[in-house]
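Atoms within each ligand, like the ligands themselves, are counted from 1 in listed order. Remember, it's a predicted structure, so these values are computed and weren't measured experimentally. In this chain, numbering begins with 1 at the start of the sequence shown.
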Amino acid sequence: MSMATIIGGVASTHVPAIGKAIAEGKQKDPYWQPFFQGFDYVHYWLAREKFDVAVIFYNDHGLNFFLDKLPTFAIGAAREYRNEDEGWGIPVSRSVPGDPELSWHLINALVADEFDMTVCQEMLIDHAVTIPMTLMWPGEKWPVKIVPISINTVQHPLPSLSRCLKLGRAVGRALKSYPQDRRVMIVGTGRLSHQLDGKRAGFINKEFDLLCLDKIVNEPEELARYSIHDWVELAGAQGVEFLNWMAMRGALSESVKEVHRNYHIPISNTAAATVVLENESKPARLAA
Ligand code: DHB
Ligand code: FE
């Protein structure tokens, strides 16, 4: 029987300064090397697993939505997603192909499952999609189509950690009912602890980050108990980007295997982490 299969997930930071470092070829500089090296395993894993589609949970930072209209959850249904100059001084990214058929399957399934998504038939993607794509596939061509799902981590009230975990679970269920062959990976971008503004600008909480990295693997429910206000206190105002990680985790199987982890401080104002999780009973890729 053909059907979509979820193989695993990647969590990646999305700091724009990474785009500048890549443009300037600084991957081996002492500041950047411990971070970029954390993607060596990811490259190996992606080359081995050969995905068709990446479902990407991220947060838009004002490129596609602004404070006047900001959906809690939005999903793309476009044939192609474009980036535009966001003002970070990094090159505008190439466009990313979409998978509208799969998007519409997810939209129908999610709404039937009582997740009232904002549907975007056109959608600009910002650095929170393009930086992780560039890190995962540094070559000339990106081999996957994407379904972007954006979560409001910008303007309060934000969805709870628990709600984002449930959104991810609904996406996982919806993917499993897709009647066509697709090898699917789930991506969650952003974070760990960081705060870009105010009195606590530069705030990082390593102890809490390490707890999150441990718990996200097989005890995400424990993280789901924190309120958003407690999370801001513990992880910084932008640490709430972890909502994207919660959704990614929800889409995976109940128990997963952590096959890779890299944690590095600092990248710009953040603690940067790269994690690869594999679904249990992941089917082996058939020899071509
Ligand atoms: C930085 C971090 C972010 O999450 C972001 O969206 C933009 C910038 C930073 O640390 O520079
Ligand atoms: Fe961000």
Side-chain angles (χ1 to χ4, degrees), residues 10-24 26-27 29 31-32 34-36 38-39 56-67 70-74 81 83-93 96 123-136 146 148-156 158-159 161 164 187-206 208-209 212-213 216 228 231-232 234-248 262-275:
V10 176
S12 163
T13 178
H14 63 224
V15 168
I18 295 163
K20 191 159 188 291
I22 292 171
E24 293 173 354
K26 290 193 171 155
Q27 291 92 330
D29 279 18
Y31 178 87
W32 290 102
F35 167 72
F36 278 101
F39 275 81
I56 304 184
F57 293 101
Y58 78 106
N59 57 296
D60 181 81
H61 298 69
L63 181 69
N64 191 72
F65 304 115
F66 201 60
L67 302 181
L70 191 40
T72 302
F73 299 131
Y81 300 94
N83 175 230
E84 278 181 2
D85 185 358
E86 300 171 50
W88 292 104
I90 62 178
V92 172
S93 165
V96 188
M123 194 176 195
L124 291 173
I125 45 165
D126 74 356
H127 65 274
V129 173
T130 62
I131 294 290
M133 293 286 294
T134 308
L135 284 165
M136 289 190 286
I146 66 166
I149 301 180
S150 95
I151 297 178
N152 170 26
T153 71
V154 173
Q155 175 154 270
H156 290 262
L158 309 184
L161 288 127
C164 293
V187 181
T189 91
R191 225 308 228 183
L192 294 170
S193 58
H194 66 305
Q195 172 144 346
L196 303 181
D197 49 16
K199 272 198 205 141
R200 292 204 306 168
F203 173 80
I204 282 174
N205 184 347
K206 181 172 179 181
F208 187 63
D209 286 342
C212 293
L213 286 168
I216 194 74
I228 290 293
W231 202 270
V232 169
L234 286 162
Q238 277 72 42
V240 291
E241 288 181 346
F242 195 75
L243 292 176
N244 304 322
W245 287 44
M246 288 297 276
M248 178 274 287
N262 186 55
Y263 178 78
H264 179 69
I265 301 171
I267 288 299
S268 190
N269 296 299
T270 75
T274 313
V275 172

H127 near the Fe ion (ligand 2): N/O/S under 2.8 Å: no
task: Of the side chain and backbone of H61, name the one, both, or neither that has a heavy atom under 4.0 Å from an atom of ligand 1.
output: side chain
- request: Could you pull out the closest heavy-atom pair between L161 and F242, with the gap in Å?
  value: CD2-CD2, 4.1 Å
Any residue meeting salt bridge (charged side-chain N to carboxylate O under 4.0 Å, His left out) with K20, in chain and number order, not counting sequence neighbours: E24
message: At less than 4.0 angstrom from any non-hydrogen atom of S268, what atoms of ligand 1 do you find?
response: 9 (C), 10 (O), 11 (O)
Aromatic ring pairing F35/W32, orientation class (parallel under 30°, perpendicular over 60°, tilted between): perpendicular
- request: For the atoms OE2 of E241 and NE2 of H14, give the angle they form at the Fe ion (ligand 2), rounded to 10 degrees.
  value: 100°
- line: Honestly, for W88 the part within reach of ligand 1 (heavy atoms, under 4.0 Å) is side chain
- line: If you compare H127, Q195, H194 by their heavy atoms, the one closest to atom 4 (O) of ligand 1 turns out to be H194
task: State whether the shortest distance between N or O atoms of N269 and N or O atoms of ligand 1 falls below 3.5 angstrom.
output: yes
query: When the ring planes of F208 and W231 are compared, do they come out parallel, tilted or perpendicular, using 30° and 60° as the limits?
result: perpendicular
query: Which atoms of ligand 1 have any heavy atom of T270 under 4.0 Å away?
result: 2 (C), 10 (O)
- request: Could you point out which residue of L158, I151, N59 forms a side chain to side chain contact (heavy atoms under 4.5 Å, CB included) with V240?
  value: L158
Taking every non-hydrogen atom, the tightest pair across N152 and P159: O-CD, 3.3 Å
message: Applying a heavy-atom cut-off of 4.0 Å, say which part of L196 lies close to ligand 1: side chain, backbone, both or neither.
response: side chain
field: Nearest atoms (heavy-atom pairs only) where T153 meets E241
entry: OG1-CG, 3.9 Å
message: Only heavy atoms of P16, strictly under 4.0 Å: list the atoms of ligand 1 that pass.
response: 1 (C), 5 (C), 7 (C), 8 (C)
